[in-house]
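We're numbering straight along the sequence, starting at 1.
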Amino acid sequence: SVLLLLSLFGLVSSLRICTRRHFQVVDSHFFQRVHLPLPELCVERCIEHLVYCKAAQFTSFQNRTNGVCELHSINSGTRPGSLHPDANLDPLITVYEIMESCPTFVASDMGTKISEKMKEVLEKDHIHEIEERKADLSLEEERLIGEDSMKYSRNEGYALMRTLEDDPKNPFEPEEDRHN
(Lines give C-alpha, C1' and ligand atoms only; values in the text may rest on other atoms or scores of the structure.)
Protein backbone atom coordinates (compact mmCIF):
# COMPACT_ATOMS: atom_id res chain seq x y z
CA SER A 1 0.00 0.00 0.00
CA VAL A 2 2.95 2.34 0.66
CA LEU A 3 4.30 1.63 -2.83
CA LEU A 4 0.87 2.39 -4.26
CA LEU A 5 0.78 5.76 -2.45
CA LEU A 6 4.30 6.61 -3.60
CA SER A 7 3.46 5.75 -7.20
CA LEU A 8 0.30 7.91 -7.02
CA PHE A 9 2.43 10.90 -6.02
CA GLY A 10 4.98 10.20 -8.76
CA LEU A 11 7.81 9.34 -6.38
CA VAL A 12 8.18 5.84 -7.77
CA SER A 13 7.82 5.16 -11.45
CA SER A 14 9.13 2.62 -13.88
CA LEU A 15 9.77 2.18 -17.54
CA ARG A 16 7.05 0.64 -19.66
CA ILE A 17 7.20 -1.76 -22.59
CA CYS A 18 5.01 -0.26 -25.28
CA THR A 19 3.84 -2.83 -27.84
CA ARG A 20 3.26 -1.76 -31.45
CA ARG A 21 2.05 -4.62 -33.63
CA HIS A 22 2.34 -4.20 -37.39
CA PHE A 23 5.02 -1.52 -37.05
CA GLN A 24 8.71 -1.54 -37.90
CA VAL A 25 11.72 0.62 -37.04
CA VAL A 26 12.96 2.66 -40.00
CA ASP A 27 15.97 4.95 -40.47
CA SER A 28 17.95 3.03 -37.85
CA HIS A 29 20.54 0.29 -37.87
CA PHE A 30 20.15 -2.36 -35.23
CA PHE A 31 23.09 -2.93 -32.90
CA GLN A 32 22.28 -6.58 -32.29
CA ARG A 33 20.36 -9.22 -34.24
CA VAL A 34 19.60 -12.74 -32.96
CA HIS A 35 17.19 -15.57 -33.70
CA LEU A 36 14.87 -16.29 -30.77
CA PRO A 37 11.70 -18.37 -30.34
CA LEU A 38 9.64 -15.82 -28.36
CA PRO A 39 9.17 -12.03 -28.39
CA GLU A 40 9.48 -12.01 -24.56
CA LEU A 41 13.09 -13.18 -24.90
CA CYS A 42 13.73 -10.39 -27.39
CA VAL A 43 12.36 -7.80 -24.97
CA GLU A 44 14.40 -9.26 -22.10
CA ARG A 45 17.55 -9.03 -24.24
CA CYS A 46 16.77 -5.35 -24.83
CA ILE A 47 16.33 -4.81 -21.09
CA GLU A 48 19.68 -6.52 -20.47
CA HIS A 49 21.24 -3.90 -22.78
CA LEU A 50 19.11 -1.04 -21.47
CA VAL A 51 22.10 1.30 -21.51
CA TYR A 52 21.80 1.38 -25.30
CA CYS A 53 18.55 -0.37 -26.21
CA LYS A 54 15.39 1.71 -26.60
CA ALA A 55 13.37 -0.65 -28.82
CA ALA A 56 13.26 -4.35 -29.69
CA GLN A 57 11.80 -5.39 -33.03
CA PHE A 58 10.61 -8.98 -33.27
CA THR A 59 9.77 -10.51 -36.63
CA SER A 60 7.88 -13.80 -36.49
CA PHE A 61 7.32 -16.16 -39.41
CA GLN A 62 4.39 -18.59 -39.66
CA ASN A 63 6.43 -21.61 -40.74
CA ARG A 64 9.51 -21.12 -38.55
CA THR A 65 10.24 -21.88 -34.93
CA ASN A 66 12.49 -18.87 -34.37
CA GLY A 67 11.85 -15.24 -35.13
CA VAL A 68 14.35 -12.46 -35.69
CA CYS A 69 15.06 -10.07 -32.83
CA GLU A 70 16.70 -6.72 -33.59
CA LEU A 71 17.76 -4.29 -30.87
CA HIS A 72 17.71 -0.56 -31.66
CA SER A 73 19.12 2.46 -29.84
CA ILE A 74 16.14 4.65 -30.83
CA ASN A 75 12.38 4.63 -30.37
CA SER A 76 9.51 6.97 -31.23
CA GLY A 77 10.26 9.00 -28.09
CA THR A 78 13.93 9.57 -28.90
CA ARG A 79 13.39 9.99 -32.65
CA PRO A 80 9.84 10.84 -33.75
CA GLY A 81 8.96 9.26 -37.07
CA SER A 82 11.24 6.27 -36.50
CA LEU A 83 8.34 3.78 -36.63
CA HIS A 84 6.26 3.08 -39.71
CA PRO A 85 3.19 0.88 -40.13
CA ASP A 86 3.70 -2.55 -41.70
CA ALA A 87 0.61 -4.37 -43.02
CA ASN A 88 2.25 -7.77 -43.60
CA LEU A 89 0.80 -10.79 -41.82
CA ASP A 90 3.77 -13.00 -42.65
CA PRO A 91 6.21 -12.03 -41.45
CA LEU A 92 4.53 -10.27 -38.55
CA ILE A 93 6.65 -7.41 -37.19
CA THR A 94 6.14 -6.03 -33.70
CA VAL A 95 8.13 -3.25 -32.06
CA TYR A 96 8.50 -3.17 -28.27
CA GLU A 97 9.58 0.30 -27.16
CA ILE A 98 11.00 0.93 -23.70
CA MET A 99 9.63 4.28 -22.56
CA GLU A 100 8.59 6.11 -19.41
CA SER A 101 4.98 6.19 -20.62
CA CYS A 102 3.27 4.68 -23.62
CA PRO A 103 1.61 6.97 -26.17
CA THR A 104 -2.18 7.05 -26.29
CA PHE A 105 -3.73 3.91 -27.81
CA VAL A 106 -0.49 1.90 -27.46
CA ALA A 107 -0.66 -1.28 -25.39
CA SER A 108 1.67 -2.01 -22.49
CA ASP A 109 1.01 -5.75 -22.20
CA MET A 110 4.51 -7.27 -22.28
CA GLY A 111 5.18 -6.44 -18.62
CA THR A 112 3.21 -9.51 -17.51
CA LYS A 113 5.20 -11.85 -19.76
CA ILE A 114 8.78 -11.00 -18.80
CA SER A 115 10.68 -12.40 -15.80
CA GLU A 116 10.54 -10.81 -12.36
CA LYS A 117 14.24 -9.95 -12.63
CA MET A 118 13.63 -7.97 -15.83
CA LYS A 119 10.64 -6.21 -14.24
CA GLU A 120 12.92 -5.05 -11.43
CA VAL A 121 15.42 -3.64 -13.93
CA LEU A 122 12.66 -1.47 -15.40
CA GLU A 123 12.06 0.25 -12.06
CA LYS A 124 12.90 3.96 -11.93
CA ASP A 125 15.72 3.56 -9.41
CA HIS A 126 17.63 1.42 -11.87
CA ILE A 127 17.51 4.14 -14.53
CA HIS A 128 19.95 6.22 -12.47
CA GLU A 129 22.28 3.21 -12.20
CA ILE A 130 22.09 2.75 -15.97
CA GLU A 131 22.97 6.41 -16.58
CA GLU A 132 25.93 6.07 -14.20
CA ARG A 133 27.12 2.95 -16.05
CA LYS A 134 26.76 4.79 -19.36
CA ALA A 135 28.90 7.65 -17.99
CA ASP A 136 31.48 5.15 -16.71
CA LEU A 137 31.56 3.45 -20.12
CA SER A 138 32.18 6.74 -21.91
CA LEU A 139 35.02 7.57 -19.50
CA GLU A 140 36.55 4.14 -20.12
CA GLU A 141 36.15 4.67 -23.87
CA GLU A 142 37.94 8.04 -23.61
CA ARG A 143 40.76 6.42 -21.63
CA LEU A 144 41.18 3.74 -24.30
CA ILE A 145 41.14 6.26 -27.17
CA GLY A 146 43.46 8.67 -25.34
CA GLU A 147 45.22 11.39 -27.30
CA ASP A 148 45.28 9.40 -30.52
CA SER A 149 45.45 11.18 -33.88
CA MET A 150 41.93 10.00 -34.68
CA LYS A 151 38.93 10.90 -32.55
CA TYR A 152 35.41 9.65 -33.00
CA SER A 153 32.60 12.07 -32.32
CA ARG A 154 29.36 10.27 -31.45
CA ASN A 155 27.17 13.27 -32.16
CA GLU A 156 28.68 13.90 -35.55
CA GLY A 157 28.90 10.23 -36.54
CA TYR A 158 32.33 10.33 -38.15
CA ALA A 159 36.02 10.35 -37.24
CA LEU A 160 38.03 13.57 -37.08
CA MET A 161 41.70 13.40 -38.02
CA ARG A 162 44.44 15.87 -37.15
CA THR A 163 47.11 16.83 -39.65
CA LEU A 164 50.57 15.31 -39.35
CA GLU A 165 53.40 17.60 -38.24
CA ASP A 166 56.09 15.80 -40.27
CA ASP A 167 56.04 14.16 -43.68
CA PRO A 168 54.72 10.62 -43.44
CA LYS A 169 57.41 7.94 -43.36
CA ASN A 170 57.30 4.77 -45.39
CA PRO A 171 57.48 1.89 -42.90
CA PHE A 172 58.96 -0.38 -45.58
CA GLU A 173 62.05 1.79 -46.19
CA PRO A 174 65.17 1.05 -44.15
CA GLU A 175 65.86 3.72 -41.50
CA GLU A 176 69.05 5.04 -43.22
CA ASP A 177 67.19 5.64 -46.54
CA ARG A 178 64.62 7.86 -44.85
CA HIS A 179 67.15 10.63 -44.12
CA ASN A 180 68.34 10.96 -47.75
Side-chain angles (χ1 to χ4, degrees), residues 3-4 6-8 10-138 141 154-158:
L3 188 59
L4 180 62
L6 290 174
S7 63
L8 287 174
L11 299 175
V12 174
S13 64
S14 60
L15 292 173
R16 305 271 183 256
I17 302 163
C18 306
T19 304
R20 294 184 183 247
R21 286 177 185 80
H22 299 289
F23 274 83
Q24 65 180 339
V25 178
V26 294
D27 298 330
S28 169
H29 298 287
F30 55 85
F31 67 86
Q32 189 177 101
R33 179 184 225 178
V34 293
H35 294 269
L36 295 170
L38 299 169
E40 296 85 25
L41 298 175
C42 183
V43 171
E44 288 187 357
R45 185 168 285 253
C46 186
I47 295 168
E48 289 171 355
H49 299 284
L50 199 53
V51 172
Y52 299 108
C53 191
K54 304 294 178 236
Q57 178 175 294
F58 189 77
T59 305
S60 60
F61 303 90
Q62 288 181 356
N63 297 327
R64 294 190 193 163
T65 306
N66 287 336
V68 176
C69 172
E70 294 178 356
L71 304 183
H72 293 268
S73 59
I74 64 164
N75 61 27
S76 63
T78 61
R79 186 185 298 168
S82 61
L83 301 182
H84 282 204
D86 181 75
N88 291 326
L89 295 177
D90 188 36
L92 174 63
I93 301 173
T94 304
V95 175
Y96 301 93
E97 298 180 282
I98 298 180
M99 305 175 82
E100 289 200 18
S101 63
C102 295
T104 308
F105 304 115
V106 175
S108 179
D109 56 359
M110 184 57 75
T112 60
K113 298 177 184 176
I114 61 173
S115 70
E116 289 299 319
K117 181 180 177 184
M118 292 298 123
K119 288 178 190 176
E120 289 176 17
V121 172
L122 291 176
E123 290 179 3
K124 184 71 172 166
D125 292 338
H126 292 289
I127 295 171
H128 301 298
E129 293 173 24
I130 290 165
E131 291 302 321
E132 287 174 9
R133 275 189 275 159
K134 191 185 275 187
D136 291 344
L137 287 172
S138 63
E141 185 177 282
R154 273 192 194 156
N155 294 335
E156 297 170 1
Y158 55 88

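Taking each heavy atom of C18 and V106 in turn, the nearest pair found is CB-CG1, 3.7 Å. Residues S28 and I74 come closest through the heavy atom pair CB-CD1, 3.4 Å.
Summarising the geometry, atom OG belonging to S82 is positioned 6.5 Å from atom CD belonging to E97; distances are rounded to the nearest 0.5 Å. The structure places CZ of F58 at 6.5 Å from CG of L38, a figure rounded to the nearest 0.5 Å.
Checking side-chain atoms of N75 against main-chain N and O of K54 turns up a donor-acceptor pair under 3.5 Å. E44 contributes no side-chain N or O that, together with a main-chain N or O of M118, makes up a donor-acceptor pair within less than 3.5 Å. Judged purely by atom type and a 3.5 angstrom limit, Q57 uses its side chain to pair as donor or acceptor with the backbone of V25.
Within the 4.5 Å cutoff, side-chain heavy atoms of E70 are placed close to those of R33. In this structure, P39 and K113 have side chains that are not in contact, with every pair of non-hydrogen atoms separated by 4.5 Å or more. Between L92 and H22 the shortest side-chain heavy-atom distance falls below 4.5 Å. Here the side chains of E100 and L15 are in contact, with some heavy-atom distance below 4.5 Å.
Remark: R45 pairs with Q32 by the side chain to side chain donor-acceptor pair (under 3.5 Å) rule, at least two apart or across chains.
Of the candidates V68, D86, T59, P91 forms a side chain to side chain contact (heavy atoms under 4.5 Å, CB included) with just one, namely T59.
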Go through E116 and K119 one step at a time and tell me if the salt bridge (Lys or Arg N to Asp or Glu O under 4.0 Å) criterion holds.
CA-CA 5 Å; E116 289 299 319; K119 288 178 190 176; 3.2 Å; yes

